[in-house]
Q: 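Mind having a look at this structure? Questions to follow.
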Amino acid sequence: MDQTNIIRDLLHWLDNNLDRPLSLDNVAAKAGYSKWHLQRMFKDVTGQAIGSYIRARRLSKAAVALRLTSRPILDIALQYRFDSQQTFTRAFKKQFSRTPASYRRDEEWCATGICPPIILDSKPLTEYKYVTLEDQLLIGTEHTCTYTLEQWSNSCTEMRNNFWLCYLQQAESLPPQLYGLYHSSISTEHEDEQTVFYTTAVEPEYATFDTKGNQPVLLPGGEYISFSYSGEGEEGLYEFLCNIYTVYLPQLNITRRKGYDVERYYLTNLDWKKDKDETQKHIVEFEYLIPIVR
């Protein structure tokens, strides 16, 4: 096995074990090399020092936990192997130029400082574009659920299935666009959970079927970054969304502003009469927009 394959496997293992002890001795034992040889090999393949990379990834994971949970800062620090809140705060401020408490309070979420996982396979950056939207009134139904970070993929998939069932199975004809508006807040009952609000919506002139329980909802205007998704299954969608927030936004130095993440489905080319099938549970192509400031 060549050096690149060895380090590729090691990187995957590291990213799945950032909350476990990862001393150089432990990592070298896992890789089956002396620590001096492993350090040289890691630096040759990735261009980074293994210890610095592990710390940067741990701090990046901690940053996500600060934004998406209400867990105490000390608990997050200890999870990612910092021996005290003071040590964690110093390291966090060095990487993100602000304290953990300030990072958590900020309404905007700046991606600068997040260290993406190193991916040795040369995959092109997902196509993106910047778009400016006007304020748009929609008619929609809000769905809610509560989940932990580990349950995120299944929860999102379930809500998208509801999107399909609530709108498409009821419609006699399709509007040209459907919308999924997503935002979340930290759960008031469980510190490691989020409450997700997912609104399935159409433009008012196309709300011609059963609209019981539907309410007006404003899609705020402003600048968005747009990504296109096409795929099947939970894993592909989960990887797509994770890559947006942990790889693409940091690489592009993007700050997410307050507002909805928007899924926009274009259905003008779909033969609904032919494709209306009880077994089809979701739409597998959409445009994903995130409100940003540059």
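Remember, it's a predicted structure, so these values are computed and weren't measured experimentally.
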Q: Using only heavy-atom distances, determine whether the side chains of Glu263 and Tyr198 contain a donor-acceptor pair under 3.5 Å.
A: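 A pair is found: one side chain offers a donor N or O, the other an acceptor, under 3.5 Å apart.
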Q: If every non-hydrogen atom of Cys115 is compared with every non-hydrogen atom of Ser60, which pair is closest and at what distance?
A: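 In terms of heavy atoms, the two residues are closest at N-OG, 2.7 Å.
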Q: Rounded to the nearest 0.5 Å, what's the gap from CG on Leu78 to OG on Ser84? Could you check?
A: 8.5 Å
Q: Kindly indicate whether the side chain of Arg257, heavy atoms from C-beta on, has any atom under 4.5 Å from the side chain of Glu107.
A: no
Q: Do Val247 and Pro117 touch side chain to side chain, with heavy atoms closer than 4.5 Å?
A: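 Contact flag for Val247/Pro117 side chains = yes.
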Q: If you count every heavy atom of other residues, nucleotides or ligands that lies below 6.0 Å from Lys93 atom NZ, does the total exceed 12?
A: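 Not buried by this count: 12 neighbours or fewer within 6.0 Å.
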Q: Between Ser226 and Glu287, does any side-chain donor sit less than 3.5 Å from a side-chain acceptor?
A: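 Indeed, the side chains of Ser226 and Glu287 share at least one donor-acceptor pair under 3.5 Å.
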Q: Any pair with a residue in residues 51-62 that passes salt bridge (charged side-chain N to carboxylate O under 4.0 Å, His left out), sequence neighbours left out, goes on the list, sorted by first then second residue, please.
A: Asp15-Arg57
Q: Do the side chains of Arg256 and Asp261 get close enough for a salt bridge, i.e. N-O under 4.0 angstrom?
A: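 Yes.
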Q: Evaluate the ring planes of Phe88 and Phe92, with Trp represented by its six-membered ring, and classify them as parallel (under 30°), tilted (30 to 60°) or perpendicular (over 60°).
A: tilted
Q: Find out whether Gln136 and Val217 are in side-chain contact, i.e. whether some heavy atom of one side chain is under 4.5 Å from a heavy atom of the other.
A: no
Q: What closest approach, in Å, do Pro100 and Leu66 show between heavy atoms, and which atom pair accounts for it?
A: CB-CD1, 3.8 Å
Q: For residues Ile290 and Phe227, report the shortest heavy-atom separation together with the two atoms involved.
A: CD1-CE1, 4.5 Å
Q: Does Leu24 share a hydrophobic cluster with Val45, counting links as ILVMFWY side-chain heavy atoms below 4.5 Å and allowing steps through other members?
A: yes
Q: With a sphere of 6.0 Å drawn around NE2 of His12, does it hold more than 12 non-hydrogen atoms of other residues, nucleotides or ligands?
A: no
Q: Any non-hydrogen side-chain atom of Val196 less than 4.5 Å from a side-chain atom of Thr144?
A: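 No, every pair of side-chain atoms sits at 4.5 Å or beyond.
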Q: What distance separates Asp19 CG from Arg81 CZ, expressed to the nearest 0.5 Å?
A: 7.5 Å
Q: Indicate if Leu10 and Ile6 have the same hydrophobic cluster label, given that clusters are the connected sets of ILVMFWY residues with side-chain heavy-atom separations under 4.5 angstrom.
A: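 Cluster IDs for Leu10 and Ile6 match.
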Q: Should Leu218 and Ile139 be regarded as members of a common hydrophobic cluster, given that ILVMFWY residues are connected when their side-chain heavy atoms come within less than 4.5 Å of each other, either directly or indirectly?
A: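 Different clusters: Leu218 never reaches Ile139 through Ile, Leu, Val, Met, Phe, Trp or Tyr contacts under 4.5 Å.
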Q: Check whether the ring centres of Tyr260 and Tyr182 lie less than 6.0 Å apart, and answer yes or no.
A: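 Not close enough - the centres of the two rings lie 6.0 Å or further apart.
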Q: Quick one: CZ on Arg104 to OG1 on Thr69, what's the gap to the nearest 0.5 Å?
A: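 Arg104 atom CZ to Thr69 atom OG1 measures 5.0 Å (nearest 0.5 Å).
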Q: Are Leu219 and Arg264 close enough, and set up right, to give a side chain to side chain contact (heavy atoms under 4.5 Å, CB included), and what steps lead you there?
A: CA-CA 12 Å; Leu219 173 56; Arg264 186 157 59 179; over 6 Å; no
Q: May I ask you to decide if the ring planes of Phe286 and Tyr265 are parallel, tilted or perpendicular, using 30° and 60° as cut-offs?
A: tilted
Q: Is any side-chain heavy atom of Ile292 closer than 4.5 Å to a side-chain heavy atom of Thr255?
A: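 Sidechains of Thr255 and Ile292: no contact.
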Q: Apply the test side chain to side chain contact (heavy atoms under 4.5 Å, CB included) to residues Glu203 and Gln177: give CA-CA distance (whole Å), side-chain angles for both, the deciding distance (0.1 Å), then the verdict.
A: CA-CA 8 Å; Glu203 295 165 20; Gln177 297 178 31; 4.0 Å; yes
Q: Can you list the residues that meet the side-chain contact (heavy atoms from CB on, under 4.5 Å) rule with Pro250, with sequence neighbours excluded?
A: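 Pro250 satisfies side-chain contact (heavy atoms from CB on, under 4.5 Å) with Ala111, Ile114, Pro116 only.
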Q: What I want to find out is whether Arg294 reaches Glu223 closely enough, with some N-O distance under 4.0 Å, to be called a salt bridge.
A: yes
Q: Distance alone, cut at 3.5 Å: any donor-acceptor contact between the side chains of Trp109 and Tyr245?
A: no
Q: Is any side-chain heavy atom of Ile76 closer than 4.5 Å to a side-chain heavy atom of Phe82?
A: no
Q: If you measure only the distance, is there a donor-acceptor pair under 3.5 Å linking the side chains of Thr99 and Ser102?
A: no
Q: Does the pair Asp25/Lys35 count as a salt bridge with the N-to-O cut at 4.0 Å?
A: yes
Q: Do Tyr179 and Thr200 come close enough that some side-chain heavy atom pair is under 4.5 Å?
A: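 Counting from C-beta outward, Tyr179 and Thr200 never come under 4.5 Å.
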Q: Under the salt bridge (Lys or Arg N to Asp or Glu O under 4.0 Å) criterion, do Asp106 and Arg67 qualify, and how do the steps go?
A: CA-CA 9 Å; Asp106 198 342; Arg67 293 294 308 202; 5.5 Å; no
Q: Can you measure from OH (Tyr103) to CD (Gln95) and round to the nearest 0.5 angstrom?
A: 9.5 Å
Q: Using 0.5 Å steps for rounding, measure from the CD1 atom of Ile225 to the OH atom of Tyr130.
A: 4.5 Å
Q: Can you name the closest pair of heavy atoms from Leu18 and Ile54 and give their distance?
A: CD2-O, 4.2 Å
Q: I need the His37 NE2 to Gln39 CD distance, nearest 0.5 Å.
A: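 Between His37 NE2 and Gln39 CD, I get 11.5 Å after rounding to 0.5 Å.
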Q: What residues, two or more places apart in sequence or in another chain, satisfy side-chain contact (heavy atoms from CB on, under 4.5 Å) together with Lys94?
A: none
Q: Same cluster or not: are Val27 and Leu120 linked, directly or through other Ile, Leu, Val, Met, Phe, Trp or Tyr residues, by side-chain heavy atoms under 4.5 angstrom apart?
A: yes
Q: Give a yes or no on whether the ring-centroid distance for Tyr229 and Tyr288 is below 6.0 angstrom.
A: no
Q: Main chain of Arg20, side chain of Asn17: is a donor-acceptor contact present, judged purely on distance under 3.5 Å?
A: no
Q: Identify whether Trp13 and Tyr80 are in the same connected component of the hydrophobic contact network (ILVMFWY, side-chain heavy atoms under 4.5 Å).
A: yes
Q: Could you check if a side-chain atom of Leu11 sits within less than 4.5 angstrom of a side-chain atom of Phe42, using non-hydrogen atoms only?
A: yes
